[in-house]
Amino acid sequence: MKSSDYQPEACNLIIFGIAGDLARRKLLSALYHLDREKLLHDDTRILGMARLEMNPDDFRNMVMNSLVQFVGGNIDQTVLRRLMQRMGYRSLNFENPGEFNSLADWFGANDRHSIFYFATPAAVYPDICAGLHHAGYIRDDSQVIMEKPIGDSLESSKVVNDAVASWFREEQIYRIDHYLGKETVLNLLVLRFANALFTSNWDHTCIDHIQITIAESVGIEDRWGFYDKAGQMRDMVQNHILQILCLLAMEPPVDLSPENIRNEKLKVLKALRPITRENIAKKAIRGQYAAGFIKGQSVPGYLKEADANTESTTETFVAIKVEIDNWRWSGVPFYIRTGKRLAMKQSEINIHFKAQPHNIFRESYPELPPNKLTIRLQPDEGLELQMMNKVPGITELSHIAKNRLDLSFSESFSNKRVVDAYERLLLEAMLQNQSWFVRRDEVEEAWRWVDRIIEAWELQGEKPDSYQAGSWGPTSSISLIARDEREWDE
Ligand code: BG6
């Protein structure tokens, strides 16, 4: 798509849950930036909805405060005025379909197609769909955007997906995984399929193993109630990590069309080797943070967080050895780990290439380190290739050393603003491009694999391993990879 094609048609954007954390933190700032970049059609109108009674002034203040907090101090007043002119607010009880009729004046006043954004817990999606249907607002060209988590298991995700599918066709449904909107995640496709160097060296003949780390230093941020029912496996692995893994492991799609990309991702998910009660001890470990220090500040353990159930066995850390049973990845493990309250916020992928079969430099360098490609997803986005070079000097004929080719995106593209994932995904939805949204069969295949691991942990009946906040996770995660004579990159 050329940049001139990035002009969406006019639409009605209806956000359910506008007063919630996600909308205030991410959606409002995304809309502000899109409006500032002139990427919202002049006639696009936005309706925010929540249960809360808010008069126009309250609503305006809520939007303003959210923007100041999450966009920063420099709000362009012209853009803000334009955004406020296109926005309205209605209070609605989503569980009562009869109340949806009260929006008839808003919908009746125009003929634009509608995008319904569900930024509420998934349990409410079926009610919202029923209400929209009851009032006759769903048309053939309507779209729906759904937030994760879609269920907490294969079975419950099917219930949500079935309910939404009663009113919307799959081509109308946009399931968000915000990692698919991150610049560095999108760049994985460019790296792999726009560079011959990596297209031909990307398989079991050249790669020894791959590590994916998504580490966060934050804890569960006042979300104990939600998080404790989910845990890191459902919150991060089922979606973000598996999506990254798919982009790394999939075959080249024919093109960037939604079906071709998603078909290839699905094949990877189907090829994940199951982890069950029989092999879980060697393949997957889980942890829970205890008190510790983050950036010199003492922080409480998970069981001492506000509102905590002190008996909880929910995991806040997961490390897994993932194997993909297909031709390309035979014998190449993907080690994944993710956790809360780790030493720092850092998401990166490390591709460890195989060692040279024979070392002709052994006199000066007895063991040649293999090449390693580091993809820094966030922060300090960039790429780093570790390689061997000759050290310059007349007496240094075979003196070689390990160096790094480092591409920092902030330096190389210093005049470019880093676009937030939600801004990209909202725009793609307005352009009706499903490529960067997750299809139903992907969600379900991911749950199928994740469910077995959770079930195996339940059968094991052991508590998660404890780790100190501010560390890199429990020692069992080190043993997981050390068993294969490898170690985590830090
Ligand atoms: C969300 C999870 O999907 O992703 C959160 O629910 C997590 O628990 C967040 O903190 C991480 O996103 P990001 O963009 O900050 O890496």
Side-chain angles (χ1 to χ4, degrees), residues 17 20-27 29-30 33 69-71 117-123 145-152 157 174-188 212-245 247 286-289 294 299 302 305-308 312 314-318 336-349 375-382 409 418-426 436-438 442-443 446-447 450 469 473:
D21 193 56
L22 173 81
R24 292 197 313 104
R25 225 175 242 275
K26 296 289 185 185
L27 303 184
S29 8
H33 283 300
Q69 194 176 351
F70 299 112
V71 172
Y117 196 123
F118 296 175
T120 66
I145 307 180
M146 300 193 330
E147 270 299 330
K148 79 167 230 316
I150 298 176
D152 58 6
S157 77
Y174 292 66
R175 293 181 194 79
I176 289 233
D177 181 314
H178 78 277
Y179 268 62
L180 290 181
K182 287 184 189 274
E183 295 281 9
T184 44
V185 173
L186 292 169
N187 193 41
L188 293 175
I212 306 174
T213 297
I214 301 190
E216 293 181 273
S217 55
V218 292
I220 37 99
E221 299 183 298
D222 303 326
R223 296 189 302 159
W224 218 90
F226 157 76
Y227 187 86
D228 197 57
K229 287 197 208 89
Q232 199 69 355
M233 190 69 176
R234 294 184 175 98
D235 190 41
M236 296 293 289
V237 178
Q238 190 272 344
N239 33 74
H240 307 323
I241 292 218
L242 286 184
Q243 285 294 323
I244 291 175
L245 186 134
L247 294 179
R286 56 190 192 138
Q288 189 186 70
Y289 63 83
I294 304 273
V299 296
Y302 181 68
E305 296 277 10
D307 305 326
S312 170
T314 296
E315 80 285 350
T316 59
F317 177 96
V318 172
I336 63 176
R337 64 177 170 165
T338 178
K340 306 278 186 229
R341 286 280 188 236
L342 296 181
M344 58 173 82
K345 182 167 176 78
Q346 186 185 60
S347 302
E348 66 175 42
I349 299 164
I375 305 168
R376 296 191 301 266
L377 299 179
Q378 63 186 28
D380 187 19
E381 291 82 356
F409 294 166
V418 177
V419 174
D420 184 75
Y422 276 93
E423 200 179 324
R424 144 98 37 231
L425 294 176
L426 264 175
W436 314 114
F437 296 86
V438 187
E442 289 180 78
V443 174
W447 273 125
V450 161

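Residue numbers start at 1 and run along the sequence shown. Remember, it's a predicted structure, so these values are computed and weren't measured experimentally. Just so you know, ligand 1 is whichever comes first in the structure, and atom 1 is the first atom listed for that ligand.
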Problem set entry | Protein contact of atom 9 (C) of ligand 1 - nearest heavy atom, named by residue and atom, plus distance | Glu216 OE2, 4.1 Å
Exercise. What residue and atom, counting heavy atoms only, is the protein's closest point to atom 16 (O) of ligand 1, and at what distance?
Worked result: Tyr179 OH, 2.4 Å
For this session: Would you mind finding which of His240, Gln232, Glu147 brings a heavy atom closest to atom 1 (C) of ligand 1?
Result: His240
Exercise. Using the ring of each side chain (for Trp, its six-membered ring), is Tyr174 parallel, tilted or perpendicular to Phe437, with breaks at 30° and 60°?
Worked result: perpendicular
Problem set entry | Option whose closest heavy atom lies nearest to atom 6 (O) of ligand 1, chosen from Asp235, Leu377, Asn239 | Asp235
Exercise. Hey, does the side chain of Arg234 reach the backbone of Asp152 with a donor-acceptor pair shorter than 3.5 angstrom?
Worked result: yes
Seminar exercise, completed: Counting from 1 in the order shown, the ligand 1 atoms closer than 4.0 Å to a non-hydrogen atom of Lys148 are 1 (C), 2 (C), 3 (O), 6 (O)
For this session: May I ask whether Tyr227 places a heavy atom under 4.0 Å from ligand 1?
Result: no
Problem set entry | Shortest protein heavy-atom distance from atom 14 (O) of ligand 1, along with the residue and atom involved | Lys182 NZ, 2.6 Å
Exercise. Just how far is it from atom OG1 of Thr184 to atom CD of Glu381, taken to the nearest 0.5 Å?
Worked result: 5.5 Å
Exercise. Under a 4.0 Å N-O cut-off, is there an ion pair linking Asp235 with Lys340?
Worked result: yes
Seminar exercise, completed: Note: ligand 1 atoms sitting under 4.0 Å from heavy atoms of Lys340 are 5 (C), 7 (C), 8 (O), 10 (O)
Exercise. Can you tell me how far the CG atom of Leu245 sits from the NE2 atom of His240, to the nearest 0.5 Å?
Worked result: 14.5 Å
Exercise. In the protein, what heavy atom is nearest to atom 12 (O) of ligand 1, and what distance, to one decimal place, separates them?
Worked result: His178 NE2, 3.2 Å
Problem set entry | Test item, Glu221 contacting ligand 1 (heavy atom, 4.0 angstrom) | no
Exercise. Relative to the heavy atoms of Arg223, which atoms of ligand 1 are at a distance of less than 4.0 Å?
Worked result: 5 (C), 6 (O), 8 (O)
Exercise. Nearest protein heavy-atom contact for atom 15 (O) of ligand 1: which residue, which atom, what distance?
Worked result: Lys345 NZ, 3.0 Å
Problem set entry | From Val438, Asn239, Ile145, Leu180, residue fulfilling side-chain contact (heavy atoms from CB on, under 4.5 Å) relative to Arg175 | Val438
For this session: For the residue pair His178 and Tyr422, categorise the inter-ring angle as parallel (less than 30°), tilted (30 to 60°) or perpendicular (more than 60°).
Result: parallel
Problem set entry | Reported CZ-to-CG distance for the pair Phe226 and Asp21, which is rounded to 0.5 angstrom | 11.0 Å
